[in-house]
Amino acid sequence: ERNAQWWADHHSVDQAVKWFFAVRSQILSLDEFPESHSLSCENDEFPYEIREKLVGLGSRPSYRAVFTIRDDTVFVVALLAAEQDRLQPDDVQL
């Protein structure tokens, strides 16, 4: 929601709504074969495995949904703009 609000403030409300529902749908699709997504570049810094999926609008998504899998549940721990700094373990609350 925070990212969609930024999008609305800096682009347009219509684009923000499209972005929000596109990203939401892409994140919800993680329940199908989450292990097929690559390990996140920060994986070695975490005590558990984290993976990422590129999400967003268009053919070149510019956000990373960073997630972990526990049992049969996928937990999205962060949604970051691709150009943002690396995620640190202290940034995550599970």
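Source: prediction; values computed, not measured. Just so you know, these numbers use all the heavy atoms, side chains as well, and skip hydrogens, waters and symmetry mates. Count residues from 1 along the sequence.
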A.B. asks: Could you measure the distance from the CD atom of Glu45 to the CG atom of Leu87? Nearest 0.5 Å is fine.
C.D. replies: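 One gets 8.5 Å once the value is rounded to the nearest 0.5 Å.
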A.B. asks: Are the side chain of Ser40 and the backbone of Asn43 linked by a donor-acceptor contact shorter than 3.5 Å?
C.D. replies: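 No: the side chain of Ser40 does not pair with the backbone of Asn43.
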A.B. asks: Same cluster for Ile27 and Val92 if Ile/Leu/Val/Met/Phe/Trp/Tyr side chains link at under 4.5 Å?
C.D. replies: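 Different clusters: Ile27 never reaches Val92 through Ile, Leu, Val, Met, Phe, Trp or Tyr contacts under 4.5 Å.
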A.B. asks: Quick check on the hydrophobic clustering: are Val74 and Leu39 connected, directly or via other members, by side-chain heavy-atom contacts under 4.5 Å?
C.D. replies: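 Val74 and Leu39: separate clusters.
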A.B. asks: Side chains of Phe67 and Leu30, heavy atoms from C-beta outward: is any pair under 4.5 Å?
C.D. replies: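 They are in contact (side-chain heavy atoms under 4.5 Å apart), so the answer is yes.
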A.B. asks: What residues form a side-chain hydrogen bond (donor to acceptor under 3.5 Å, both in side chains) with Asp72, not counting sequence neighbours?
C.D. replies: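 None.
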A.B. asks: Distance-only criterion, 3.5 Å: show the donor-acceptor pairs between side-chain atoms of residues 46-62 and protein atoms not counting sequence neighbours.
C.D. replies:
residue, atom, partner, partner atom, Å
Glu49, OE1, Arg51, NE, 3.1
Glu49, OE1, Arg51, NH2, 3.3
Arg51, NH1, Glu35, O, 3.2
Arg51, NH1, His37, O, 2.3
Glu52, OE1, Arg64, NH1, 2.5
Lys53, NZ, Gln26, O, 3.1
Lys53, NZ, Ser29, OG, 2.6

A.B. asks: Taking Val23 as the starting point, is it possible to reach Phe21 by hopping between hydrophobic residues whose side chains are less than 4.5 Å apart?
C.D. replies: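 Phe21 clusters together with Val23.
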A.B. asks: Just wondering, are more than 12 heavy atoms of other shown residues or ligands nearer than 6.0 Å to CZ in Arg86?
C.D. replies: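 Check passes, neighbour count above 12.
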A.B. asks: Say whether, by atom type as modelled, one donor and one acceptor occur between the side chain of Ser36 and the main chain of Phe33 under 3.5 angstrom.
C.D. replies: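 Confirmed, Ser36 side chain pairs with Phe33 backbone.
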A.B. asks: Could you please spell out the steps behind the side-chain contact (heavy atoms from CB on, under 4.5 Å) verdict for His11 and Trp6?
C.D. replies: CA-CA 8 Å; His11 296 285; Trp6 181 92; 3.6 Å; yes
A.B. asks: Answer whether the closest heavy-atom distance between the side chains of Phe20 and Trp7 falls below 4.5 Å.
C.D. replies: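 A side-chain contact is absent here, since even the closest heavy-atom pair is not under 4.5 Å.
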A.B. asks: If you take all heavy atoms of Asp31 and Leu28, which pair is closest and at what distance?
C.D. replies: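 Taking Asp31 first and Leu28 second, the nearest heavy atoms are OD1-O, 3.0 Å.
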A.B. asks: Is the closest side-chain heavy-atom distance between Asn3 and Tyr63 below 4.5 Å?
C.D. replies: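 Yes, their side chains come closer than 4.5 Å.
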